[in-house]
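Here is the structure we will look at.
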There are 2 protein chains.
Amino acid sequence: MGNPMYRQIAEELREQIESGILKPGQQLRTEIELRERYGASRNTVRDAIKWLTTLGLVETRPGQGTFVVKKIDPFITTLSADPTTGLGGGEGAIYLSQVSDQDREAFYSEPQVEIQKAPFEVSSRLRVPEGTQVISRHQRRYIDDTPWSLQTSFYPRGFVAQGAERLIEAGDITEGTMTYLAATLGLQQTSYQDWIKVRAPDPTEANFFNLPQDGRVGVFEIFRTAFDQTGRPMRLTVSVFPTDRNQFIVNAGEVPDLKEGGASKKT
Amino acid sequence: MGNPMYRQIAEELREQIESGILKPGQQLRTEIELRERYGASRNTVRDAIKWLTTLGLVETRPGQGTFVVKKIDPFITTLSADPTTGLGGGEGAIYLSQVSDQDREAFYSEPQVEIQKAPFEVSSRLRVPEGTQVISRHQRRYIDDTPWSLQTSFYPRGFVAQGAERLIEAGDITEGTMTYLAATLGLQQTSYQDWIKVRAPDPTEANFFNLPQDGRVGVFEIFRTAFDQTGRPMRLTVSVFPTDRNQFIVNAGEVPDLKEGGASKKT
DNA sequence: GCAAATTTGTTCGTATGTATT
DNA sequence: CAATACATACGAACAAATTTG
């Protein structure tokens with residue numbers, strides 16, 4: 001084989017990991033031991049480990065060693081509308097019930113409210129001129145103490161003057177902002193669109209989610225544009241979820257109750 | 001700052017890339033030039049470049065140099081059902097029309113048909129015992145000569161004996177398999193569920209999509225389970241899309257015609 | 001609480017191999 | 001074939017983080 005040595009070492013370790021000889025969470029031999037084992041220099045062994053690291057198979061911890069990564073039991077979020085409530089997944093009250101379906105507990109921070117100028121990605125989706133002032137409400141969300149998502153909702157600035165004053169107050173709107181906007185402005189959410197991308201996390205996100213700094217774990221970025229009864233955008237919600245611990249479901253039509261239909265635990 | 005030198009060099013280059021001083025496709029200075037520019041050793045410069053590589057900002061080509069990566073103009077696929085046809089995105093005939101909406105041309109390979117034993121991920125979703133034989137129909141799909149997705153559909157083995165013989169023939173079923181199954185077996189697709197994950201590509205996928213071997217560009221893996229009028233799974237389609245060139249849309253309710261609603265070119 | 005031992009992280013230097021122009 | 005540019009590999013030294021005694 002014409003493969004470089006560091007790849008051969010990596011390959012051998014990869015097989016041990018995938019065959020289960022090395023179990024998740026288990027420590028690999030130290031660089032010095034591997035150096036002797038393979039008759040390579042320490043730098044070459046380090047190249048092999050670095051390769052496995054970008055493959056996401058192992059992680060190194062300074063002063064401790066190299067460990068096989070544990071996969072996180074994923075969180076499942078349903079994006080399509082619940083036919084009965086008309087609400088989408090991850091939205092207001094509904095997300096708690098989804099989470100508790102999975103026997104997990106969710107928490108979210110108090111919203112952090114700001115008035116800011118809309119960048120292009122926001123203005124184009126809310127259909128306001130770029131640079132227009134918008135209200136942003138930002139939250140950090142956790143499940144079982146694991147950082148789960150960062151979510152920011154944007155509303156047209158004019159909503160406040162029209163009577164929805166609590167939008168710019170920092171407190172939680174317990175009945176849900178959609179209910180509140182219906183009560184104050186008569187706006188009904190009749191439809192929405194989710195736009196799903198995957199990109200590398202920015203440093204803030206990597207820090208919040210405890211992702212490796214080198215960006216090899218991506219994040220879902222979901223833009224949810226909600227439309228009122230006149231067909232105008234009334235809210236844009238941008239949510240960010242790490243791809244290593246989140247999966248999404250979209251139902252179309254009356255999907256039969258699955259419970260045991262999806263992939264449950266493997267092990 | 002207490003940052004290591006290779007990170008400082010990487011940071012300086014990153015800023016030049018993101019500010020546009022270094023444009024997509026442009027060549028960076030060579031390692032030797034950077035070594036002199038920053039007063040570091042060649043290995044340290046290489047560490048900086050390696051860092052930018054795993055961030056996905058640059059790519060190196062042996063014998064040529066290091067280049068700022070060009071972003072691919074993304075393909076957009078709608079996952080939610082079209083209220084009129086009842087068909088979902090990326091499915092049968094509809095995907096061509098979606099693609100041509102974006103002024104692009106799509107091609108797909110002849111299906112490659114096999115009978116195989118269902119692995120867990122397939123059997124659990126089709127609700128057949130693990131190891132049961134199933135029919136798999138596999139296709140490679142392209143847009144404008146760019147590899148776009150790999151798609152495999154699984155059907156219960158029994159469908160053939162019940163009369164749907166063309167399922168095991170290698171040729172294309174031009175009218176669409178769903179129409180064919182309706183005609184032969186009386187099965188109607190009344191609903192479906194999409195389950196969306198992101199994972200690292202396997203070597204076959206990395207090769208087909210021309211992704212870097214080190215797995216830092218992930219792939220969407222979408223499991224579409226289609227249900228018939230009795231609520232039983234009739235087909236499982238597993239599609240794989242690289243995250244660097246694909247985005248997805250999910251509509252709920254009657255979403256107004258957008259055309260200019262989404263994010264168009266930035267630049 | 002501190003010091004020693006262990007382990008990974010950073011940086012240098014050097015030599016040679018491989019791919020492209 | 002030669003020149004250029006990145007890839008692999010070795011050796012060495014010191015720094016930083018963590019655990020252990």
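Chain naming here is simple, since letters A, B, ... match the order of the sequence lines and numbering starts at 1 in each. Everything numeric in this text was worked out from a predicted model, so none of it was measured.
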Could you tell me whether [X] and [Y] have a side-chain N and a carboxylate O separated by less than 4.0 Å?
X	Y	value
A:Glu205	A:Arg199	yes
B:Lys197	B:Glu221	no
B:Glu33	B:Arg35	no

Letter per nucleotide, 5' to 3', of nucleotides 15-21 of chain D [B base touched, S only sugar-phosphate touched, - untouched; heavy atoms, 4.0 Å]: --BSS--
Separation of atom [atom1] in [X] from atom [atom2] in [N], rounded to whole Å:
X	N	atom1	atom2	result
B:Phe67	D:dC6	CZ	C1'	11 Å
B:Gln8	C:dG9	CD	P	19 Å
A:Asp214	C:dG9	CG	P	12 Å
A:Ile32	D:dC10	CD1	P	14 Å
B:Met5	C:dG13	CE	P	10 Å
B:Glu31	C:dC12	CD	P	14 Å
A:Arg29	C:dT8	CZ	P	13 Å
A:Arg7	D:dT8	CZ	P	8 Å

Okay, side chain of B:Asp202, backbone of B:Thr204: is any donor-acceptor separation there less than 3.5 Å?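 Present.
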Can you check whether B:Gln64's main-chain N or O pairs, donor with acceptor, with B:Gln27's side chain at less than 3.5 Å? yes
May I ask you to check if B:Arg140 and B:Tyr108 form a cation-pi contact, with NZ or CZ under 6.0 angstrom from the six-membered ring centre and within 45° of the axis?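 Here B:Arg140 fails the 6.0 Å and 45° test against B:Tyr108.
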Would B:Ser153 and B:Thr237 count as a side-chain hydrogen bond (donor to acceptor under 3.5 Å, both in side chains) if you check the C-alpha gap in whole Å, the side-chain angles of each, and the deciding distance to 0.1 Å? CA-CA 4 Å; B:Ser153 289; B:Thr237 301; 3.0 Å; yes
Which heavy atom in A:Met5 sits nearest to a heavy atom in A:Thr44, and how many Å separate them? SD-CG2, 4.2 Å
If a pair satisfies salt bridge (charged side-chain N to carboxylate O under 4.0 Å, His left out) and one of its residues is in residues 4-13 of chain A, list it, with sequence neighbours excluded.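 Pairs touching residues 4-13 of chain A that pass the test: A:Glu11-A:Arg14, A:Glu12-A:Arg37.
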Using a cut-off of strictly less than 4.0 Å between a heavy atom of the residue and any atom of DNA chain C, enumerate the qualifying residues of residues 35-60 of chain A by number.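 A:Arg42, A:Arg46, A:Thr60 - these, ordered by number, are the residues of the stretch whose heavy atoms sit under 4.0 Å from the strand.
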